[in-house]
K.L.:
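I'd like to ask you about the structure that follows.
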Amino acid sequence: MRLSQMLFVTLREDPAEAEIPSHKLLLRAGYIRRIGSGIYAYLPLMWRVLKKVSQIVREEMDATGAQECLLPQLQPADLWRESGRWDTYTQAEGIMFSLTDRRDTELGLGPTHEEVITTIAKDMVRSYRQLPLHLYQIQTKFRDEIRPRFGLMRGREFIMKDGYSFHTSEESLKKTYHDMDRAYSNMLRRSGLEFRAVDADSGAIGGSGSQEFMVLAEAGEDEVLYTEDGQYAANVEKAVSIPAEAEVSSFATFEKRETPGTDTIDKLGKFLKCSPTQVVKNVLYQAVYDSGITVLVLVSIRGDQDVNQVKLLNELTKLAGNYQAKTVLFLTVPDAEAQGKWAAKSLPLGYMAPDLADDYIAGSKEVNSKFLRLVDRTAVDLTNFVTGSNESGYHVVGANWNKEFPLPATVVGVRTAKKGDRAVHNPEQTLQSARGIEVGHIFQLGTKYSQAMGATYTSEQGEEMPLIMGCYGVGVSRLAQSAVEQSYDKDGIIWPVAIAPYHAIISIPNISDAQQVEVAEKLYAELNQSGIETLLDDRDERAGVKFKDADLIGIPYRIVTGRSLKSGKVEIVERATHKSHEILIDEVNSTLKQWIEAAIK
């Protein structure tokens with residue numbers, strides 16, 4: 001492609017809307033343009049990158065025996081009600097665009113396609129002889145993000161590969177799951193990315209086990225915890241660990257003490273000269289179930305630990321049946337406005353005890369009139385601990401479970417694992433931390449959707465059995481931007497060779513020089529003909545502008561038809577290292593071929 005004929009506009013300044021380097025660079029280099037909040041146009045350079053990423057994904061999926069298809073973006077609400085996820089996606093998470101057509105039929109734009117694919121399997125799969133079956137698509141998805149940001153990282157419209165498998169047994173599912181683990185690792189490795197596969201929470205998708213594929217980058221929204229021995233890695237939402245040992249309490253007797261201005265653990269520790277590991281803190285949450293019932297949740301946890309809200313949500317979801325519900329719509333720390341709707345009297349915030357009385361809740365049909373009391377494992381074995389007194393300005397010391405305070409009946413593991421904790425698999429290993437961008441996620445769904453939607457097959461014994469399912473997703477557009485986030489410098493993007501929009505760019509320093517133009521044209525035709533995708537910068541611009549633009553857009557190899565022509569050579573500059581080579585004109589093709597093949601192995 002000739003740059004003079006291409007839709008190509010670069011910016012010298014960072015756009016005000018962009019927050020992270022990859023977002024700034026993709027806008028500045030003319031890869032994307034913002035059309036609306038979280039909505040971007042993929043311009044010609046970006047589309048070439050996305051096609052290359054898609055092709056790598058497609059090749060790895062096809063190699064596992066998966067079959068490509070294309071599913072509708074517009075999905076009937078009835079399918080989602082059948083699976084029980086309509087309220088979760090339109091209210092709880094609120095990420096599904098929902099609409100009503102001219103016939104008053106409710107529809108949603110697909111953020112994911114479990115319901116659609118399960119319906120297809122329900123209609124078409126009859127016998128065990130048709131299984132296992134694995135279908136996938138590469139398609140535009142839609143999510144109504146509360147706060148779209150970071151360009152293609154968290155947009156409202158994005159390109160994704162999602163696949164779904166159907167099985168007769170858990171063993172068959174696990175084989176495909178492991179196939180996907182290998183295929184996803186191949187996709188990221190072939191795309192030239194440094195990544196880590198980590199244990200993950202299944203979230204609203206559900207299922208018994210899941211794994212995320214994280215591209216390592218400082219701007220990553222997710223925290224990954226891992227051990228140096230390579231035996232453990234997990235998203236912080238899922239990670240487990242052994243916390244530091246609690247210090248022995250210095251309080252031998254139970255008493256109430258005045259502790260003014262100590263509404264945080266830090267202030268309390270300084271005032272009483274005690275370790276936070278000797279404190280039981282009590283954190284209040286408000287859960288709204290899809291039955292319309294609000295439940296006030298009091299979590300008792302060791303003072304040096306934090307509640308992991310994802311783990312807490314999972315525990316509360318397990319209890320949904322107690323409240324005539326299927327799922328939790330909202331889980332929040334209630335602010336003053338929320339408290340005003342159910343609090344019978346002012347709460348002693350910062351000074352609450354594990355036995356905060358139920359009469360703080362004003363009874364109603366919508367609000368459960370008793371606190372749901374949970375205790376994290378870190379607090380269960382504490383003795384002579386410090387905790388709130390249910391009176392502002394006062395704490396108690398020397399307290400014990402089942403003496404001064406009843407131990408809550410439900411013991412849970414909802415603490416947040418953190419860097420420096422000991423590893424469960426080997427306490428000699430400590431957890432390390434890294435930032436990551438989630439670009440892939442694989443799930444063992446089991447029978448969650450098939451049972452809810454009546455998708456069955458006839459077994460070899462003639463029994464009707466629910467299909468066992470797996471689900472596998474890769475963010476194609478997110479992967480492309482994550483490559484930029486992982487690889488750039490002060491001059492611009494450094495694309496991995498495998499997914500760069502072009503392999504090489506020929507820069508003509510002076511288009512008035514006939515020899516420079518002639519050699520450039522000859523190389524341009526020869527390289528493209530031999531399969532080396534090449535841009536020709538034939539614009540009437542200064543050499544400095546051309547070189548800056550070539551660096552900004554990140555093409556792996558820049559060929560300059562400049563002063564080296566006197567000795568029958570051209571200069572080739574490697575974008576990643578800025579290393580310059582003088583290569584004979586007749587050897588440019590073979591040299592580049594060799595470099596490109598080595599880079600994409």
Side-chain angles (χ1 to χ4, degrees), residues 57 60-61 64 66 83-85 88-89 92-93 95 111-115 117-118 132 134-136 141 143 160-167 169-188 195-215 220-226 231-241 308-315 317-318 327-328 413-414 416-417 424-425 434 436-452 467-475 478-479:
V57 169
E60 292 298 333
M61 292 301 296
T64 69
S83 71
R85 292 203 303 172
T88 302
Y89 268 73
E93 295 194 16
I95 61 172
T112 184
H113 278 72
E114 283 80 9
E115 283 76 5
I117 204 76
T118 304
H134 189 174
L135 301 171
Y136 78 94
K141 299 294 185 80
R143 292 188 184 177
M160 184 176 178
K161 187 287 296 183
D162 53 327
Y164 307 91
S165 62
F166 299 89
H167 309 267
S169 67
E170 291 290 340
E171 290 73 27
S172 175
L173 167 60
K174 284 176 182 173
K175 181 185 180 304
T176 298
Y177 185 81
H178 290 309
D179 287 346
M180 287 299 100
D181 182 6
R182 186 170 59 253
Y184 277 37
S185 296
N186 289 345
M187 290 172 197
L188 296 174
F195 69 96
R196 191 180 290 275
V198 304
D199 292 341
D201 182 76
S202 295
I205 300 291
S208 59
S210 73
Q211 193 174 41
E212 287 172 342
F213 292 79
M214 296 282 192
V215 170
E221 290 187 281
D222 293 285
E223 181 182 5
V224 175
L225 296 173
Y226 64 95
Q231 297 301 303
Y232 184 74
N235 188 312
V236 71
E237 294 178 345
K238 178 79 171 180
V240 294
S241 63
N308 182 317
Q309 201 155 313
V310 172
K311 292 181 181 178
L312 177 58
L313 179 63
N314 291 338
E315 293 293 340
T317 301
K318 292 176 190 174
T327 191
V328 178
V414 293
T416 300
V424 172
H425 76 278
I437 301 165
E438 181 198 339
V439 297
H441 204 156
I442 60 178
F443 302 84
Q444 295 180 50
L445 293 178
T447 58
K448 174 180 176 177
Y449 297 93
S450 55
Q451 284 190 324
L467 290 161
I468 297 170
M469 293 176 60
C471 169
Y472 321 96
V474 169
R478 178 180 274 214
L479 188 156

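Please read these numbers as outputs of a predicted model, since none were measured by experiment. Throughout, numbering of the chain's residues begins at 1 and tracks the sequence.
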K.L.:
Which distance, rounded to the nearest 0.5 Å, do you find between the CZ of R182 and the CD of E60?
P.N.:
9.5 Å

K.L.:
Excluding sequence neighbours, so at least two apart, what forms salt bridge (charged side-chain N to carboxylate O under 4.0 Å, His left out) with E315?
P.N.:
K318

K.L.:
Taking side-chain hydrogen bond (donor to acceptor under 3.5 Å, both in side chains) as the definition, give me every residue that meets it alongside H425, ordered by chain and number, with sequence neighbours left out.
P.N.:
D229

K.L.:
I need the T447 OG1 to M469 CE distance, nearest 0.5 Å.
P.N.:
10.0 Å

K.L.:
If you measure from OG on S165 to OH on Y177, what distance do you get to the nearest 0.5 Å?
P.N.:
11.0 Å

K.L.:
Could you tell me which non-hydrogen atom of H113 sits nearest to which non-hydrogen atom of D162, and how far apart they are?
P.N.:
CB-OD2, 3.6 Å

K.L.:
Sequence neighbours left out, what passes side-chain hydrogen bond (donor to acceptor under 3.5 Å, both in side chains) with S172? Give chain and number order.
P.N.:
H167

K.L.:
Apply side chain to side chain contact (heavy atoms under 4.5 Å, CB included) to A233 and list each qualifying residue two or more places apart in sequence or on a separate chain.
P.N.:
R196, V198, Y226

K.L.:
Is there a side chain to side chain contact (heavy atoms under 4.5 Å, CB included) between Y89 and T112? Walk through the geometry before answering.
P.N.:
CA-CA 10 Å; Y89 268 73; T112 184; 4.1 Å; yes

K.L.:
Give, for atom CD of E114 and atom NZ of K448, the distance between the pair rounded to the nearest 0.5 Å.
P.N.:
8.5 Å

K.L.:
Centroid-to-centroid, H441 to F443, below 6.0 Å?
P.N.:
yes

K.L.:
Run the side-chain hydrogen bond (donor to acceptor under 3.5 Å, both in side chains) test against T176 and tell me which residues pass, sequence neighbours left out.
P.N.:
none

K.L.:
Does T118 use its side chain to pair, donor to acceptor, with the backbone of E115 at less than 3.5 Å?
P.N.:
no

K.L.:
Where do S185 and F213 come nearest, in terms of heavy atoms and distance?
P.N.:
OG-CE2, 3.8 Å

K.L.:
Looking at Q444, is its backbone amide N or carbonyl O close enough to the side chain of K174 to form a donor-acceptor pair, meaning the two atoms are under 3.5 Å apart?
P.N.:
no

K.L.:
If we ignore hydrogens and angles and just use 3.5 Å, is the side chain of R143 paired with the main-chain N or O of P111 as donor and acceptor?
P.N.:
yes

K.L.:
Taking the side chain from Y472 and the backbone from Y136, do they hold a donor-acceptor pair closer than 3.5 Å?
P.N.:
no

K.L.:
For the atom pair CG (L467) and CD1 (I117), what is the distance rounded to the nearest 0.5 Å?
P.N.:
11.5 Å

K.L.:
Can you tell me if Y232 uses its side chain to pair, donor with acceptor, with the backbone of V240 under 3.5 Å?
P.N.:
yes

K.L.:
For N308, which residues count as a side-chain hydrogen bond (donor to acceptor under 3.5 Å, both in side chains) partner, sequence neighbours excluded?
P.N.:
none

K.L.:
Using 0.5 Å steps for rounding, measure from the OG1 atom of T64 to the NZ atom of K175.
P.N.:
8.5 Å

